[in-house]
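Owing to the predicted nature of the structure, the values given are computational and were not obtained by experimental measurement.
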Amino acid sequence: MRWSRYFIPTLKEDPAEAEVVSHRLLLRAGMVRRLTSGIYTYLPAGWRSLLKISEIIRREMTRYHAVELLMPAVQPGDLWKETGRWEAYGKELLRFRDRHDRDYCIGPTHEEVITDLVRREISSYRQLPLNLYQIQTKFRDEIRPRFGLMRGREFIMKDAYSFDRDEAGAAQSYEWMHKAYVSIFEKLGLRFRAVEADTGAIGGSLSHEFMVLADTGEDVIATCSQCDFAANLEKAEVECQGPDCPECSLPPEQVFTPGMHTVSQVAGYLNVPQRKVLKTLLYDADGRSVAALVRGDRELNEVKLKNVLGAQSLELASKEQVEKWTGAGLGFAGPVGLRVDRMVADLELRLETDWITGANVEDAHLMHVDLKRDSRINGYHDLRSITREDPCPRCAGTIRMTKGIEVGHIFRLGTKYSRSMHALFLDEQGVEQPMIMGCYGIGVSRVLAACIEQNHDDHGIIFTPAVAPFETVIIALNPRDELVQKNARDIYSRLIAHGVDVLLDDRDERPGFKFKDCDLVGFPLQIVVGARGIKNKVVEVKERHSGQRHELPLEDFWTGFQKVRQRVREHFGLTSG
Ligand code: ATP
Ligand code: MG
């Protein structure tokens with residue numbers, strides 16, 4: 001490919017719309033353009049990278065026994081009504097009607113469609129197991145589409161669905177997908193980690209997320225420095241054991257705390273540590289009022305709370321709700337005398353007493369509160385997020401925190417969909433059984449963004465050779481110089497003959513301009529062909545990631561080039577071609 005005939009509209013300036021580095025660089029490197037909120041056109045270079053990612057995914061999926069198909073983007077609402085998700089999925093599901101007034105949606109995911117297909121086609125244990133996947137455009141009307149390809153509304157996903165006859169088979173399918181994912185992210189040259197993930201209200205199932213490690217990641221991962229424990233902060237369970245504390249010896253006492261709304265204000269005003277002040281957080285869970293209590297120095301984990309409540313939706317109570325439920329303004333809620341539908345407390349609150357809480361009275365708090373004696377707690381649960389001070393829940397080792405971007409998610413579904421949609425088969429005894437399912441997603445377009453979040457510098461993207469739109473660029477420095485042209489074209493032809501993925505920058509532009517563009521787009525290898533070098537019978541090869549330059553003799557260019565190429569591949573943990 002010649003750059004002069006190609007289309008990479010790079011930008012000199014940072015676009016104002018971009019908040020994160022991958023978004024900024026995808027726009028500046030001419031890889032994507034925004035059409036409207038959360039919806040992008042993949043320009044040729046961006047699309048080329050996406051195709052490469054897809055090809056690696058395809059190869060590994062095939063290796064682990066998954067078979068590709070392509071399902072429609074438009075799905076009938078009736079299928080979603082069968083599983084109850086027409087209502088439950090919420091506003092992310094883009095619903096519409098056709099000319100006959102029938103309900104449809106644009107698929108945010110394909111459990112319903114695949115289960116419908118399989119229930120029609122599969123009837124016997126002999127036809128199982130089966131794992132079907134597709135690479136396809138999804139639509140989710142995200143509440144806050146942002147960060148470019150990281151959280152789009154329209155995006156590309158690889159989604160696979162496995163069907164097995166028993167738990168052992170389902171466990172095997174899951175393990176294969178786990179292996180396939182490890183292999184995929186290794187072959188993409190990304191630094192990543194598989195972590196235990198939240199399974200939501202379904203419960204009982206198993207789930208892992210694949211996180212690309214990057215400081216800019218939205219997800220926090222808790223890992224152990226001694227064992228291989230790694231979990232999404234949302235999920236990481238907190239170890240909490242010990243006997244219940246004896247009753248508090250002092251009765252509750254109301255104290256005046258004028259204008260003290262936050263834990264730190266109250267603790268400061270009363271001159272006590274923050275850990276003695278309880279946070280009483282009020283929520284609207286599926287329309288019911290809920291109070292959740294954690295120590296003042298802890299963070300409530302909303303995912304854990306949602307699971308404990310078995311709630312579909314969980315939202316912090318509005319100012320009006322707080323006033324109605326507590327009889328006071330924001331910041332004075334407390335468990336004593338609070339009239340809510342349900343009140344839950346974190347496990348560690350059983351281990352101590354003599355708390356300071358809001359008094360449900362404006363400008364007042366209660367001291368010496370004993371939760372058991374003074375309030376009606378409905379249950380104690382693991383409700384807070386793990387911290388560096390907590391022991392590892394597996395081995396009591398030290399917990400570390402890292403940031404990551406979720407690029408993949410694998411999930412044991414069990415019979416959730418096969419039961420509600422009657423995807424049944426006859427087992428060896430001729431008895432009807434629901435198929436046991438798993439689902440496995442990779443955010444293909446998010447992988448491209450994550451790769452950039454992980455690998456970039458002030459000059460632009462530093463692509464891994466596996467993801468780069470072209471692995472190599474040849475920069476012809478003086479394209480009007482016949483000799484330079486000829487040598488650049490020769491090298492180009494030789495590399496093409498060897499199967500190297502190469503772009504020839506034959507644009508009639510100044511060298512500085514071209515160097516900047518090539519660094520911006522982030523081609524891993526840059527071959528510089530200039531008049532002076534040709535005279536000395538050498539060309540220069542630059543490694544994008546290290547900036548290191550190698551002068552290679554023209555005569556034995558291919559051997560030298562292979563060595564540099566290998567160095568670059570090794571840097572990204574890529575071994576063979
Ligand atoms: P998130 O928590 O980020 O919203 P999710 O749990 O909704 O993700 P899944 O339903 O498991 O995501 O989808 C599978 C994969 O699709 C995710 O691991 C992620 O990589 C990708 N993905 C999900 N939502 C988006 C989005 N809005 N834009 C781009 N990729 C997405
Ligand atoms: Mg989501």
**Q.** Ser546 vs His571, side-chain hydrogen bond (donor to acceptor under 3.5 Å, both in side chains): CA-CA, chis, key distance, verdict
**A.** CA-CA 10 Å; Ser546 64; His571 170 79; over 6 Å; no

Q | Salt-bridge present (Lys403, Asp219; N to O < 4.0 Å) | A | no

Q. Could you state the interatomic distance from CD1 (Ile462) to CG (Leu25), rounded to the nearest 0.5 Å?
A. 10.0 Å

Q.
According to side-chain hydrogen bond (donor to acceptor under 3.5 Å, both in side chains), who are the partners of Gln75, at least two apart in sequence or on a separate chain?
A. Trp80, His110

Q. How about Phe463 and Ser49: do any of their side-chain heavy atoms sit closer than 4.5 Å?
A. yes

**Q.** Atom CG of Leu70 with >12 non-hydrogen neighbours under 6.0 angstrom
**A.** yes

Q. Less than 4.5 Å apart, any side-chain heavy atom of Val541 and any of Val528?
A. no

Q | Parallel, tilted or perpendicular: ring planes of Phe572 versus His545, cut at 30 and 60 degrees | A | perpendicular

Q: Identify the residue among Leu503, Asp517, Asp501 that makes a side chain to side chain contact (heavy atoms under 4.5 Å, CB included) with Phe523.
A: Leu503

Q: Assess whether side-chain hydrogen bond (donor to acceptor under 3.5 Å, both in side chains) is satisfied between Lys319 and Gln321, documenting all intermediate values.
A: CA-CA 6 Å; Lys319 190 165 167 281; Gln321 285 173 312; over 6 Å; no

Q) Can Asp286 and Lys306 be said to form a salt bridge (charged side-chain N to carboxylate O under 4.0 Å, His left out), step by step? A) CA-CA 10 Å; Asp286 298 334; Lys306 198 172 169 190; over 6 Å; no

(Q) Check this for me, if you would: do Glu55 and Lys52 make a salt bridge, where the nitrogen-to-carboxylate-oxygen distance has to be below 4.0 angstrom? (A) no

Q: Determine, for Asp490 against Arg494, whether the closest basic-nitrogen to carboxylate-oxygen distance falls under 4.0 angstrom.
A: no

Q. Does a salt bridge link Lys138 with Asp159, judged by any charged N lying under 4.0 Å from a carboxylate O?
A. yes

Q. Any ion pair linking Asp103 and Arg95 (charged N to carboxylate O, less than 4.0 Å)?
A. no

(Q) Set out, in order, the CA-CA distance, both residues' side-chain angles and the distance that settles side-chain hydrogen bond (donor to acceptor under 3.5 Å, both in side chains) for Asp519 and Gln526, then state yes or no. (A) CA-CA 9 Å; Asp519 278 352; Gln526 304 175 2; 2.8 Å; yes

Q | Arg153 and Glu142 ion-paired at < 4.0 Å | A | no

Q. Can we call the ring centroids of His208 and Phe210 under 6.0 Å apart?
A. no

Q | Step-by-step side-chain contact (heavy atoms from CB on, under 4.5 Å) determination, Tyr181 to Ile442 | A | CA-CA 9 Å; Tyr181 277 38; Ile442 293 181; 3.4 Å; yes

**Q.** Ionic contact status for Lys514 with Glu509, cut-off 4.0 Å
**A.** no

Q: Dump the intermediate steps for side-chain contact (heavy atoms from CB on, under 4.5 Å) on Ile184 and Arg59, then the final yes or no.
A: CA-CA 9 Å; Ile184 287 165; Arg59 223 183 306 142; over 6 Å; no

Q: Using a strict 4.0 Å threshold on nitrogen-to-oxygen distance, state whether Arg544 and Asp457 make a salt bridge.
A: yes

Q. Cut-off 3.5 Å, side chains only: do Glu453 and Ser22 have a donor facing an acceptor?
A. yes

(Q) Salt bridge check, Arg146 against Glu218: does any charged N sit closer than 4.0 Å to a carboxylate O? (A) yes

Q) Got Val502 and Val473 here, is their nearest side-chain heavy-atom distance under 4.5 Å? A) no

Q: Applying ring-ring contact (aromatic ring centres under 6.0 Å, His included), name anything that partners Phe229, two or more places apart in sequence or on another chain.
A: none

(Q) Regarding Asp141 and Lys91, does a basic nitrogen lie under 4.0 Å from an acidic carboxylate oxygen? (A) no

Q: Determine whether the aromatic ring centres of Tyr6 and Phe470 lie less than 6.0 Å apart.
A: yes

Q.
So that I can tick it off, tell me whether Glu60 and Arg63 are bridged by a salt bridge, with the cut-off set at under 4.0 angstrom between side-chain N and carboxylate O.
A. yes

Q.
Could you check whether Arg567 and Gln548, counting side-chain N and O atoms only, form a donor-acceptor pair closer than 3.5 Å?
A. yes

Q | Qualifying residues under side-chain hydrogen bond (donor to acceptor under 3.5 Å, both in side chains), relative to Arg2, sequence neighbours excluded | A | Asp506

Q. Between Arg58 and Glu68, is a salt bridge (charged side-chain N to carboxylate O under 4.0 Å, His left out) present by the stated rule, with each step listed?
A. CA-CA 8 Å; Arg58 284 197 169 94; Glu68 186 170 5; 2.7 Å; yes

Q: Given side-chain contact (heavy atoms from CB on, under 4.5 Å), test Leu495 with Phe557 step by step and report yes or no.
A: CA-CA 10 Å; Leu495 292 184; Phe557 176 75; 4.1 Å; yes

Q.
For Tyr64 and His178, I'd like to know if the aromatic rings sit close, meaning centre-to-centre distance below 6.0 Å.
A. no

Q) Under a 4.0 Å N-O cut-off, is there an ion pair linking Arg85 with Glu112? A) yes

**Q.** side-chain contact (heavy atoms from CB on, under 4.5 Å) between Ile106 and Glu154, worked out
**A.** CA-CA 10 Å; Ile106 305 190; Glu154 190 178 296; over 6 Å; no

Q: Establish, from distance only, whether the side-chain atoms of Thr83 and Tyr417 form a donor-acceptor pair under 3.5 Å.
A: no

